[in-house]
Every structure is written in C-alpha cells, then in structure tokens.
Amino acid sequence: MKTNYQELLNKYYNASTSLEEEQLLMDDTDQLDAIDQQWLNVCQQHQNVAPKKLQEDIWDKIEQQENTKRKFTIKHWMSVAAAVLIVVSVAIMHIAKQRQLDRIQKMALLEEALFTLSSDMQTRKAPVVLYEDELITCYDKK
Amino acid sequence: MRTAQFKILILPLSERIYPMAKRLLNSDSEAEDAVQEIMLRLWNKRKELGKHNNPVGYALLTARNFCLDMLKKKKPELTIDKHQLQVANHRAVEGDYESREAVLIVQEILNTLPTQQKSVIQLRDFDGFEMEEIAVMLQIEVPHARVLLSRARKKVRQQMTKIYSYENQLSRAAE
C-alpha cells in the first residue's frame with residue numbers, strides 16, 4: 001500500500017497526476033511523511049468552496065439585466081416612433097399651410113384682377129371680352 | 001452561443017472560478033461580486049464566445065484577467081489594512097498555531113518562486129484547475145505548464161525540508 005502512495009507521490013512531483021489522484025493523496029495524508037503532509041494540508045486549507053446558490057444568483061442577475069435591456073429597447077423604439085410621428089405631422093402641416101397660402105395668394109390675385117377689370121370698365125368703358133381674356137390668362141398662370 | 005449552451009457550458013464555471021477569485025481578492029464578498037461580474041461580461045459576449053475554438057478556456061482567461069485587474073485596483077487599500085489583517089490572522093490562529101505557521105512558511109516559499117511557477121502551483125494546488133485550463137490561462141503549452149508545476153512542487157518541498165530540518169535542529173539544541 002505504501003509503495004502505491006510513494007509512486008503516486010513521485011507522479012505528483014513530476015506533475016503527472018490527475019486531480020482525482022491528487023485528491024486521493026490529500027484525503028490520506030497519514031500515509032505520507034511530515035513535509036508532504038504539511039504541504040498537502042496547506043493546499044487543502046487554501047481550497048475555497050463556492051457559495052451554494054452562486055450559480056442561481058448569477059442567473060437571476062443575468063435575467064434581471066436582460067429584462068432591463070428589453071424594457072429599455074421598448075422605450076427606445078417607442079420614443080423613436082413618437083419622434084417620427086411628430087416629424088411627419090409637422091411636415092404634413094407645413095405642406096397644408098403652404099397649399100393654403102397658395103390658395104390665398106391666388107384668391108388675392110383674382111381679386112386684384114377683378115378689381116382692375118371693374119375699375120377699367122367704369123373708367124375706360126373698354127370691351128368686356130378683352131378683359132375677360134386677360135382675366136382667364138392671369139388665372140391660368142397662377 | 002445560445003442560452004441553453006451558456007447555462008450548460010459557461011455558468012457552471014462560476015463555481016470553479018470562485019476559489020481563484022477568493023484567493024486573489026482575499027474576500028468572500030469581493031470574490032462573489034467578481035464572479036458575478038465575470039459571468040455578466042461573458043453573457044454579454046456570448047456571440048463571440050460561441051465562435052471561439054475553446055470557449056471554456058476563453059472564459060477562464062477572462063476571469064483570471066478580471067481578477068488580476070481588480071487586485072491591481074485594490075492594492076492601495078490592502079497596504080493600509082495590512083496591520084489589521086495580521087492582527088485578525090493572529091486571533092484566528094491561536095488554536096491552530098502549527099497549521100497557521102505552515103501556511104505562512106508556504107506563502108514565504110511561494111513568494112520566492114518565479115512568477116510563472118508560482119502561478120501554476122497556485123492555480124493547480126489551491127484552485128484545482130486542470131493542466132489544460134492552466135495552460136490556456138497563462139497562455140503557455142500544456143507540457144510547459146507541467147514542467148513549471150513539477151519544478152515548483154519540488155522547490156517548495158526542498159525549501160520546506162530545509163526550514164523544518166533547521167527548526168528540528170534548533171529544538172534539539174534547545175533540549
């Protein structure tokens with residue numbers, strides 16, 4: 001039995017033992033001399049064991065992070081959509097306003113033409129047809 | 001890397017990383033925080049991790065580098081608390097003076113070893129990593145890691161034998 005341990009110890013010092021074999025040596029240090037015992041005991045003292053629920057705690061944290069990310073993504077896309085909606089409505093309003101302005105301008109021109117026509121008719125008494133043509137041309141242009 | 005793969009392959013590593021983190025950071029809570037942070041980083045990098053040839057090795061290397069970075073940041077605090085630590089240690093070991101003495105002797109011996117030998121022996125004999133994992137973490141070949149470990153173990157034994165035989169001589173002389 002002792003020779004087995006000696007062989008194992010030789011393997012250990014040549015760094016060719018597996019972790020299981022090393023554990024075997026640590027579990028049975030009585031078979032070894034004082035120095036090896038001391039060394040393996042120190043190794044055992046240094047070995048730290050992870051807390052029981054470490055993996056679960058980590059997974060909870062990962063899930064928590066993912067949920068926060070998901071919420072942030074939803075909020076992010078919602079604000080992007082809102083911004084796009086605002087831009088589109090502003091553009092539509094601008095176009096509508098522009099069209100309204102154009103119509104007002106046309107109406108003003110028409111009004112001006114009609115006013116000129118009526119005043120000309122009153123002062124010069126020119127033939128109506130000629131003014132009608134001018135009016136139509138002016139309206140078409142605008 | 002998919003969630004299921006991450007849960008099977010990477011998440012269980014947290015329990016194996018913890019002893020190293022605890023040894024390097026010398027604190028339970030800091031080791032726990034470090035392991036959680038490492039796992040979160042690996043989770044965020046899971047796409048890269050999936051493409052890697054050796055995801056486990058990559059994870060362990062990331063973990064070691066993270067702990068060493070934390071240790072560097074922590075150093076000033078440690079020097080301030082050194083005295084307090086010594087006092088606390090002395091109190092804790094009153095009942096077990098011999099084993100505490102052995103730990104201190106081993107620590108002294110380990111500090112005399114070349115950096116790579118020290119790292120290999122700590123990763124193997126204190127943290128319980130496989131040789132392949134140690135080789136990845138230290139970015140060396142497995143046979144080289146074995147040579148370093150063998151030399152380190154032999155040196156530690158040699159030094160311990162010297163110290164204990166000297167102590168024995170002293171006690172005999174005193175008698």
Side-chain angles (χ1 to χ4, degrees), chain A residues 5-73 76, chain B residues 3 6-7 11-23 28 31-32 35-40 42-44 96 98-107 109 120-122 124-131 145-154 156-158 160-161 163-165 168:
Chain A
Y5 275 96
Q6 195 52 50
E7 268 177 37
L8 210 54
L9 210 58
N10 290 340
K11 266 179 86 182
Y12 177 80
Y13 282 107
N14 287 323
S16 46
T17 37
S18 64
L19 282 173
E20 289 75 24
E21 286 173 324
E22 285 168 19
Q23 194 54 52
L24 199 74
L25 281 174
M26 281 186 200
D27 291 343
D28 224 348
T29 47
D30 295 344
Q31 305 284 336
L32 312 169
D33 72 17
I35 301 292
D36 293 322
Q37 268 185 33
Q38 288 277 30
W39 165 245
L40 291 170
N41 285 336
V42 170
C43 289
Q44 250 176 340
Q45 278 178 32
H46 271 89
Q47 284 173 352
N48 298 301
V49 182
K52 274 182 184 175
K53 286 187 171 180
L54 185 66
Q55 275 194 53
E56 287 169 34
D57 288 346
I58 291 169
W59 188 247
D60 285 348
K61 223 171 184 183
I62 287 173
E63 278 186 328
Q64 208 179 323
Q65 183 196 269
E66 284 304 295
N67 285 339
T68 320
K69 258 189 198 174
R70 216 169 290 142
K71 274 182 196 167
F72 175 77
T73 315
H76 172 79
Chain B
T3 308
F6 185 88
K7 266 180 134 174
L11 196 62
L13 288 179
S14 57
E15 286 184 5
R16 302 193 48 219
I17 291 168
Y18 179 85
M20 176 178 66
K22 169 82 195 296
R23 175 176 58 79
D28 285 317
E32 224 171 296
V35 175
Q36 284 191 352
E37 187 56 38
I38 290 161
M39 283 295 142
L40 278 173
L42 290 170
W43 170 258
N44 293 335
D96 196 6
E98 261 185 50
S99 68
R100 183 63 203 168
E101 194 192 10
V103 170
L104 289 173
I105 287 169
V106 166
Q107 286 294 351
I109 295 169
V120 172
I121 202 168
Q122 284 177 326
R124 176 68 175 193
D125 291 335
F126 296 168
D127 304 336
F129 285 111
E130 294 285 354
M131 292 313 293
R146 281 193 194 281
V147 171
L148 289 171
L149 179 65
S150 169
R151 281 183 192 161
R153 279 174 176 170
K154 282 174 185 168
V156 170
R157 194 183 196 286
Q158 212 176 2
M160 282 178 81
T161 313
I163 291 166
Y164 282 106
S165 61
N168 285 341

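In what follows, every chain begins at residue 1, and chains take the letters A, B, ... in the order their sequences are listed.
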Among [options], residue most engaged with chain A (heavy-atom pairs, under 4.5 Å):
{"options": "B/Ala31, B/Ala21, B/Ser150", "value": "B/Ser150"}
{"options": "B/Glu130, B/Gln107, B/Arg124", "value": "B/Arg124"}
{"options": "B/Asp125, B/Val147, B/Val35", "value": "B/Asp125"}
{"options": "B/Ile109, B/Leu148, B/Asn44, B/Leu13", "value": "B/Asn44"}
{"options": "B/Thr3, B/Ile105, B/Leu40", "value": "B/Leu40"}
{"options": "B/Met160, B/Met20, B/Met131", "value": "B/Met160"}

Using a 4.5 Å cut-off on heavy atoms from C-beta on, say whether the side chain of [Y] contacts that of [X].
{"X": "A/Tyr12", "Y": "A/Trp39", "value": "yes"}
{"X": "B/Asp28", "Y": "B/Tyr18", "value": "yes"}
{"X": "B/Met39", "Y": "B/Ile17", "value": "yes"}
{"X": "B/Val120", "Y": "B/Phe129", "value": "no"}

Does any backbone or side-chain atom of [X] lie under 4.5 Å from a heavy atom of chain B? Answer side chain, backbone, both or neither.
{"X": "A/Glu22", "result": "side chain"}
{"X": "A/Asn41", "result": "neither"}
{"X": "A/Gln55", "result": "both"}
{"X": "A/Gln23", "result": "neither"}

- With only heavy atoms counted, which part of B/Phe6 is less than 4.5 Å from chain A, the side chain, the backbone, both or neither?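 Looking at B/Phe6, just its side chain touches chain A.
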- Message: Closer than 4.0 angstrom, basic N to acidic O: yes or no for B/Arg16 and B/Asp127?
- Response: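 Between B/Asp127 and B/Arg16 there is no salt bridge, as every charged N stays at least 4.0 Å from the carboxylate O atoms.
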- Item | Spacing of B/Lys154 atom NZ and B/Ile121 atom CD1 [to the nearest 0.5 Å] |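 Answer for the NZ-CD1 pair, B/Lys154 versus B/Ile121, is 12.0 Å.
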- Item | Results of side chain to side chain contact (heavy atoms under 4.5 Å, CB included) for B/Arg157 - residues two or more places apart only |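 Side chain to side chain contact (heavy atoms under 4.5 Å, CB included) check on B/Arg157 returns A/Tyr13, A/Asp33, A/Ile35, A/Asp36, B/Thr161.
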- Please, which pairs that meet salt bridge (charged side-chain N to carboxylate O under 4.0 Å, His left out) have at least one residue in residues 39-64 of chain A, sequence neighbours excluded?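 Qualifying pairs, neighbours excluded: none.
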